[in-house]
Amino acid sequence: MQLIKNYFPALSYLDPASEAEFRLYLVASTRHIAQRLALVCALLLLVFSATDIILGDQWHSLNNLSRFIAATLIVGFAIYNRRLTPDHWLQGWLAIAALVLLLLAVTFYSSAQYFGKLGEGGPLVVAFALAAIPIFNLQQKLLLWLQLSASILFLKYCTDTNTGWTLFYLSITLLLCLSWQRQFDILLRSQFKTVRLEQQKAETDQLTGLLNRRSFEQRLQQKLQQLPPGQQLSLGLLDIDYFKRYNDHYGHLDGDLVLVQLSRLLSADPKLLVVRFGGEEFILVEQHSASSRSTLLQLPDKLAAMAIPHQNSPFGVVTASIGIITLNYPASGYQSGQLMQQADQLLYQAKQQGRNQARQQFLASTVQQATSSA
């Protein structure tokens with residue numbers, strides 16, 4: 001069983017969470033290509049029908065009707081699927097592909113009855129067309145290829161259709177497609193891992209392992225947009241007190257160790273979005289209930305309780321000051337630059353009033369602001 005699982009990259013190459021993330025990435029990057037490819041397939045079906053009609057076949061023959069229905073299904077779903085989520089979009093195309101294969105089996109039967117023999121070209125073209133679809137993985141395509149093979153077997157053994165060498169050539173084609181598709185699945189997932197690793201490197205501070213300034217803006221805007229009713233969003237700008245004095249006395253290596261220790265303290269709470277803003281400054285974003293206090297207010301006390309010695313500080317230990325802006329729902333009208341500026345002003349006030357403390361300010365929601373200005 002494990003050997004079979006290892007053969008399919010979608011089941012073995014990535015962990016389940018990464019595989020789900022990869023599917024979203026694949027759909028986002030190939031959605032338009034898949035749409036165009038589907039429309040090209042629909043156009044080819046219509047071209048084949050037009051060719052048969054020119055050669056003397058009736059437009060309402062079973063052969064042409066099955067092609068018309070298949071083309072209609074493809075075009076109809078291509079129009080409708082814009083409303084679907086990535087997972088439903090992928091599942092929908094898989095269902096459409098299975099229905100189209102069923103209709104093509106009818107076409108193969110009708111064509112074989114008309115010409116007296118099933119040509120090898122039709123099934124082989126369909127097999128290669130399935131291989132060219134970028135959104136399906138190996139096991140999904142294997143199911144479709146098995147359906148295609150089953151339809152040819154049905155025509156050979158359950159009807160009077162002369163299939164000729166079709167099964168032989170189709171078997172060779174599918175073996176080649178299986179090998180190619182497995183390598184293609186591995187290549188796509190390997191590329192995804194590389195892209196994700198490079199993205200993580202670009203968004204991560206090398207010293208502390210926290211997110212860096214580059215990744216902050218987009219994440220904050222998402223949190224502002226997604227803040228639900230009854231919740232508040234607190235943004236804090238934290239700065240280590242007398243950190244230059246610490247570096248001058250203990251050296252920059254010990255200063256880096258302090259930054260690492262503080263980073264571990266801040267990232268211990270999984271609900272916090274923690275960003276190293278630069279130097280000894282950190283940004284923290286917390287979503288919490290409107291009826292509860294922000295845990296950011298406790299951070300100066302937590303750092304002081306770690307009792308990291310600092311001889312050149314009046315407190316005798318490493319401390320920090322923080323300015324906190326707290327927003328009510330809805331918060332989508334605020335911009336990150338505006339909030340950072342106000343948090344920086346509060347941090348300055350905390351520094352001026354003795355350091356080792358938190359200063360907090362509550363901002364009205366954007367709706368309340370608009371009402372009061374009106």
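No hydrogens or angles considered: a donor-acceptor pair under 3.5 Å links the side chains of Q35 and N81. No hydrogens or angles considered: nothing links the side chains of N63 and S110 as a donor-acceptor pair under 3.5 Å. D241 and N356 share no side-chain donor-acceptor pair at under 3.5 Å. Between T159 and T161, the side chains place a donor N or O and an acceptor N or O closer than 3.5 Å (distance only, hydrogens not considered). The closest side-chain donor-acceptor pair between S49 and D52, if any, does not fall under 3.5 angstrom.
Under the 30°/60° scheme for interplanar angles, the aromatic rings of F192 and Y25 are found to be tilted.
Taken from OG in S111 to CG in L104, the straight-line distance is 11.0 Å, to the nearest 0.5 Å. Once rounded to the nearest 0.5 Å, the distance linking CG of L138 with CG of L11 reads 9.0 Å. Distance check, rounded to the nearest 0.5 Å: CG of L103 to OG of S151 gives 11.5 Å. Between L347 atom CG and L238 atom CG the span is 7.5 Å, to the nearest 0.5 Å. We find the CG-CG distance between L26 and L90 to be 8.0 Å, quoted to the nearest 0.5 Å. In this structure, CG on L299 lies 6.5 Å from CG on L265, to the nearest 0.5 angstrom.
Geometrically, R182 engages Y7 in a cation-pi contact defined by less than 6.0 Å to the ring centre and at most 45° from the axis.
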Give the intermediate values and the outcome of salt bridge (charged side-chain N to carboxylate O under 4.0 Å, His left out) for residues R219 and E203. CA-CA 11 Å; R219 294 171 189 264; E203 294 182 349; 3.0 Å; yes
side-chain contact (heavy atoms from CB on, under 4.5 Å) between Y13 and D185: does it pass, once the steps are laid out? CA-CA 9 Å; Y13 195 83; D185 277 11; over 6 Å; no
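Checking each of R23, R196, R189 against S18 for a side chain to side chain donor-acceptor pair (under 3.5 Å) leaves exactly one that passes, namely R196. Across H288, Q232, E286, Q360, a single residue satisfies side chain to side chain donor-acceptor pair (under 3.5 Å) together with T326, and that is Q360.
Of the possible donor and acceptor atoms, one in the side chain of Y250 sits under 3.5 Å from a partner among the backbone N and O of Q311. Put simply, the side chain of Q225 never gets that close to the backbone of Q222: no donor and acceptor are under 3.5 Å apart.
For the pair T107/F48, no side-chain contact is recorded, criterion being any heavy-atom separation below 4.5 Å from C-beta on. Residues L178 and L142 meet the side-chain proximity criterion, which asks for heavy atoms closer than 4.5 Å.
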